[in-house]
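Contents: one structure, followed by commentary.
All of these numbers come straight from a predicted model, not from anything done at the bench.
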Amino acid sequence: MVWTGVLLVTTHNEKVALLMGTTSPYRLEGLSDGDCWSLFQELAYKNRQKEQPSFEEVGNEIAKKCRGVPLAAKALGSLMCLKNQKSEWSFIRDCAMWDLMGHEDGAGILSALRLSYEYLPTHLKQCFAYCSIFPKGYRINKNTLICLWMAEGFLPSSENMPPEEVGNGYFIELLWLSFFQNVRRDFDGNMVEFDMHDLVHDLSKSVAGVDCLTTDLARK
């Protein structure tokens, strides 16, 4: 009996699929404009008493810039949840970064993620950039990361709140803004570990600059 297996390759780069050469690549379609708007809206209006009609037109235009990519819609929806002025929504819609990123495949999500990063407060920017030290796809232990942040002096302490609690708050903020994903909880419901989307990891390396060094913790 001869066993035959199937190897499924997934990639963001169509050239990789073409190089495999065994069959025509199957290109996944993005969300429709309506579905992308629904996902964006679900997060952007999360803490609002009711939808604000004056925001809807601008929000729809922002959602279209995500080009059907769920991660982009989630990142921008989470960001806009914190923006209560229509002028702030309009600024994001009209930001020059959309054009600077170009119009090729993936530009929408890169623009959305970069915008989300640029609007982070300084203390969260440095904590996010620090995550570039982990390899792509690595499952990061939350408490270990908080201890590393603490060792770097990223977490202020006070009589009312120890640095561990400050770090946990930072983690939750980055999780809410879609920089972290796939959280695993223990039996008591405590968040234990997580990972970062490949494109988010690429962003962390980009913003970390030339001093970024990624360590492969699995290699001896």
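Minimum heavy-atom separation, G167 to W149: O-CZ3, 3.6 Å. The two residues S132 and A208 have their closest heavy-atom pair at OG-CB, 3.5 Å. For the pair S178 and A75, the tightest heavy-atom approach, listed with the atom from each and the gap, is OG-N, 4.0 Å.
Remark: side-chain polar atoms of H201 are paired, donor with acceptor, to backbone N or O of F134 under 3.5 angstrom. W89 places no side-chain N or O within 3.5 Å of a backbone atom of G59 that could act as its donor or acceptor partner. Remark: the backbone N or O of G34 is paired with a side-chain donor or acceptor of S38 at under 3.5 angstrom. Remark: side-chain polar atoms of D186 are paired, donor with acceptor, to backbone N or O of D188 under 3.5 angstrom. Using modelled atom types, no side-chain atom of S204 and backbone atom of F128 make a donor-acceptor pair closer than 3.5 Å.
K125 places a side-chain heavy atom less than 4.5 Å from the side chain of E118. The closest side-chain heavy-atom distance from Q181 to F194 is not below 4.5 Å. Inter-residue side-chain proximity for V58 and S90 is flagged as met; some heavy-atom pair is nearer than 4.5 Å. You'll find the side chain of L113 stays beyond 4.5 Å of the side chain of D202, heavy atoms only. In this structure, L203 and V207 have side chains that are in contact, with non-hydrogen atoms separated by less than 4.5 Å. Contact annotation: the side chain of L124 approaches that of E173 to within less than 4.5 Å [non-hydrogen atoms, C-beta and beyond]. A 4.5 Å side-chain heavy-atom check between C131 and F179 finds every atom pair outside the cut-off. Proximity of L145 to F180: side-chain heavy atoms (C-beta onward) are separated by under 4.5 Å at one or more points.
Taken together through direct or relayed side-chain contacts under 4.5 Å among Ile, Leu, Val, Met, Phe, Trp and Tyr, L31 and L71 form parts of separate hydrophobic clusters. There is a path of hydrophobic side-chain contacts, each under 4.5 Å, that joins L120 to I146. Hydrophobic clustering of Ile, Leu, Val, Met, Phe, Trp and Tyr side chains at less than 4.5 Å, counting indirect connections, keeps L39 apart from L199.
Distance check: L155 CG to H123 NE2 gives 10.0 Å after rounding to the nearest 0.5 Å. Note that the CZ atom of F40 and the CG atom of D35 stand 15.0 Å from one another [nearest 0.5 Å]. Note that CD of E42 and SG of C81 are 11.5 Å apart. Values are rounded to the nearest 0.5 Å.
With sequence neighbours excluded, the residues satisfying side chain to side chain contact (heavy atoms under 4.5 Å, CB included) with M191 are K142, F171, I172, L175, V183, R185. Scored by the side chain to side chain contact (heavy atoms under 4.5 Å, CB included) test, R184 finds R139, V192, E193 as partners (sequence neighbours excluded).
Residues K65 and E61 are not paired through a salt bridge, judged by the lack of any N-O separation under 4.0 Å between the basic side chain and the carboxylate.
Aromatic ring pairs are classed by plane angle as parallel below 30°, tilted from 30° to 60° and perpendicular above 60°; the pair Y119 and F91 is perpendicular. Ring orientation note: the planes of F154 and Y130 are nearly perpendicular, at an angle over 60° on the 30°/60° scale.
Looking at L76, D94, L115 one by one, the single match for side chain to side chain contact (heavy atoms under 4.5 Å, CB included) with I62 turns out to be L76.
Residue E57 qualifies as open at atom CD: its count of foreign heavy atoms under 6.0 Å is 12 or below.
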